[in-house]
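Note on naming: letters A, B, ... go to the chains in the order of the sequence lines (proteins, then strands), and numbering restarts at 1 for each one.
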2 protein chains.
Amino acid sequence: MSGRQGPRGRPQGWQAIRDDVLARIRAREWPPGAPIPHEADLAEAYGAARATVNRALRALAEAGWLDRRRKAGTRVALNPVRRATFDIPVIRLEVEGRGMTHAHRLLARCERPATAAEAERLALPAGATVLALETLHLADDRPWAWECRIVWPKAAPGVREADLTAISVNEWLVRNAPFSHGSIAFSAVAAGHEAAGRLGCAPGAALFAIDRTTWAGPDPITEVRLLFAPGHVLSSTI
Amino acid sequence: MSGRQGPRGRPQGWQAIRDDVLARIRAREWPPGAPIPHEADLAEAYGAARATVNRALRALAEAGWLDRRRKAGTRVALNPVRRATFDIPVIRLEVEGRGMTHAHRLLARCERPATAAEAERLALPAGATVLALETLHLADDRPWAWECRIVWPKAAPGVREADLTAISVNEWLVRNAPFSHGSIAFSAVAAGHEAAGRLGCAPGAALFAIDRTTWAGPDPITEVRLLFAPGHVLSSTI
DNA sequence: GAGTGGTCTAGACCACGGG
DNA sequence: CCGTGGTCTAGACCACTCG
C-alpha cells in the first residue's frame with residue numbers, strides 16, 4: 001500500500017487528494033459536521049476525474065473521517081471514530097516474531113457431547129459430539145498462553161486424524177478450516193488455580209484473555225479461550 | 001458498505017466477483033500459495049471490465065486473503081492473517097451505547113514539568129510543562145473507568161481554558177485536537193490500592209487496561225492510561 | 001526487458017434517500 | 001422528485017519487480 005510517490009516522496013494521484021482533504025479537515029477549514037464540496041466540484045478543483053476524487057473520499061470515509069450518504073452529500077464526521085486493527089496471527093508466529101522459540105504441549109484431548117451451554121452458544125444440534133482440546137504454548141520454554149478449545153469436527157473435516165502434537169490445533173485450523181466470520185473479545189481475568197498451575201503464576205494474578213468463536217457460514221468451527229501469562233501486552237498503531 | 005444487491009439480496013458487480021473468488025479460495029480450488037488468474041483473464045471470464053475485477057481483488061487483498069505484487073501476480077495468502085478492528089469511541093458514547101447513563105468527575109488537574117521518563121517517551125523538550133489530569137468515568141453512577149492522562153498543551157491549544165468538568169478531556173481532545181497517528185496497547189493489570197479505591201473493587205482485582213499515546217505529526221498530544229472496572233469486555237467481530 | 005498490477009480518464013447509468 | 005454518491009466501462013499510461 002505504498003502508493004505512487006513524487007520526487008520527494010510526496011503522494012500523487014488520489015492519495016494526494018486524500019491527504020489534501022485530510023489536511024483541510026485538520027486545519028478546521030471544514031469543521032466537524034460541515035459539508036464538503038461535491039465530488040464533481042472537487043474533481044474540477046483538483047483537475048482530476050470524479051472517479052479519482054471518489055477513491056480519495058472513499059478512503060477517508062473508511063478511515064472514519066467522513067460520513068457519506070447519497071443525496072445528503074459528504075460531511076466531516078462529527079465523532080472522528082478511530083479504528084484500531086490488530087492482526088490475529090498464528091500463536092507460533094507471534095512468539096517467533098518476538099524473537100523467541102515456540103513450542104506447544106497438547107495437555108488434553110477428548111471427544112465428548114457438547115454441554116447445553118456450548119450447544120446453545122454454537123447452535124449445535126442436540127447431542128453433538130465435540131473435540132475438546134487443551135494446549136499450552138511455550139516461548140523459550142516458559143509458559144506463554146493456555147488454550148482451552150472445543151472444535152466441531154463436522155466443520156473441520158480431518159481434525160480427528162490430525163497429529164496435534166506436531167502442529168498446534170491453532171495452526172492446523174488456520175491452514176485447514178478457513179472461517180467466514182466470528183467474534184473476538186478481550187478481557188482481564190483473575191487466574192484460577194488451574195490456570196495458575198498451567199502458566200506458572202500465582203492464583204489471582206491478572207491475566208489477559210482472548211475469547212474467540214469462528215464460523216464457516218452457518219456452522220461453528222471452534223470456540224477458544226486463550227489465557228496469557230502475566231505481563232502480556234497486545235499493541236497496535238492507530 | 002452495503003453494496004448493490006440483487007433481487008434476493010445477492011451482491012452484484014464487484015462484490016459478486018469478490019464473493020465468487022472468496023468462495024473458490026474457501027473451496028480450495030485455489031489453495032493457499034497458488035496463483036490465481038490475471039486481472040485481464042478474470043475480467044473476460046466474468047464479463048466485466050478490468051477495473052471492476054481490480055476493485056474486487058483489492059478488497060480481498062486488504063482483507064488479507066490475497067497477496068498481490070506487480071509482475072509476480074496475485075496469489076492466495078499463505079497465512080490467512082485475519083484482522084480484528086475495534087472502534088475507539090468517546091467513552092461517553094461507549095457507555096451510552098450500552099444503555100447506561102454516563103457521567104464523569106475530574107478528580108485532579110495540575111500543571112507540572114514532565115518527568116524524565118515522560119519527556120523521553122513523548123519526545124518533549126527538556127523542562128516542558130504538561131497538564132496532568134485524572135478523571136473517573138461513571139456508568140449509571142457506578143465506576144466505569146479511571147483515566148490518568150497527561151496532555152501537552154502546545155499540541156492542544158485551548159485545553160488550559162477548557163471547562164473539563166462540563167466535557168471530559170477525552171471528548172474535548174477528540175473534538176479539538178485531531179491526531180495523525182498513535183499507539184494503543186491492551187493488557188491486564190492487578191488493581192493497586194489507588195485504582196481499587198477509585199473503581200470500588202478489591203486491591204489485586206484483574207483490570208482491563210488500555211494505554212494510548214497520540215500525536216499530531218511530530219508533536220505528542222496526550223498519553224493516557226485507562227483502567228476499567230472489573231468485568232469489562234472489549235469485543236468485536238472478525 | 002517485459003509482464004502484471006496500480007491508477008487515471010471521460011462518460012454513463014443507477015440506487016438511494018432527503019425534502 | 002431528483003441530487004448525490006456508487007459503480008461500471010473501455011482504453012490508456014505507468015511503476016514496480018521478477019527473471
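- A/R69 comes within contact range of the sugar-phosphate backbone alone, with a heavy-atom separation under 4.0 Å but no base atom that close.
- Per the geometry, CZ belonging to A/R18 stands 10 Å off P belonging to C/dT7, to the nearest Å.
- Set against C/dG17, C/dT7, D/dG5, the side chain of A/K71 has C/dG17 as its closest nucleotide.
- Regarding B/H38, its NE2 atom lies at a distance of 11 Å from the P atom of C/dG3, rounded to whole Å.
- As judged by a 4.0 angstrom heavy-atom cut-off over every strand, B/A51 is placed among the base-contacting residues.
- Put simply, the residue from A/N54, A/L60, A/I36 that forms a side-chain contact (heavy atoms from CB on, under 4.5 Å) with A/R68 is A/N54.
- Toward the 5′ end of DNA chain C lies the nearest nucleotide of A/T52, the other residue of the pair A/T52 and A/A72 mapping further downstream.
- Atoms CG (B/L57) and P (D/dC8) sit 13 Å apart, rounded to a whole Å.
- For A/T74 and D/dG5, the shortest distance from a side-chain N or O to OP1 or OP2 is below 4.0 Å.
- Looking at B/N170 and B/S168, their side chains never bring a donor and an acceptor atom within 3.5 Å of each other.
- Aromatic rings of A/H104 and A/W144 (six-membered ring for Trp) have centroids beyond the 6.0 Å cut-off, not under it.
- When each of D/dA10, C/dT7, D/dG6 is scored by its nearest atom to the side-chain atoms of A/R70, the top-ranked nucleotide is D/dG6.
- Where A/G73 and A/N54 each meet DNA chain D at their nearest nucleotide, the meeting point lying more 5' is that of A/G73.
- B/A40 comes within 4.0 angstrom of nothing in the nucleic acid, heavy atoms only.
- No hydrogens or angles were tested; on distance alone, a donor-acceptor pair under 3.5 Å links the side chain of A/R50 to the base of D/dT7.
- Remark: A/Q15 is in phosphate contact with C/dT7, judged by side-chain N or O atoms under 4.0 Å from OP1 or OP2.
- Without hydrogens or angle criteria, A/D140 side chain to A/R142 main chain gives no donor-acceptor distance under 3.5 Å.
- Atom-to-atom, CZ of B/R58 to C1' of C/dT4 comes out at 16 Å; the value is rounded to the nearest Å.
- Counting non-hydrogen atoms under 4.0 angstrom, A/R55 reaches the backbone sugars and phosphates but no base.
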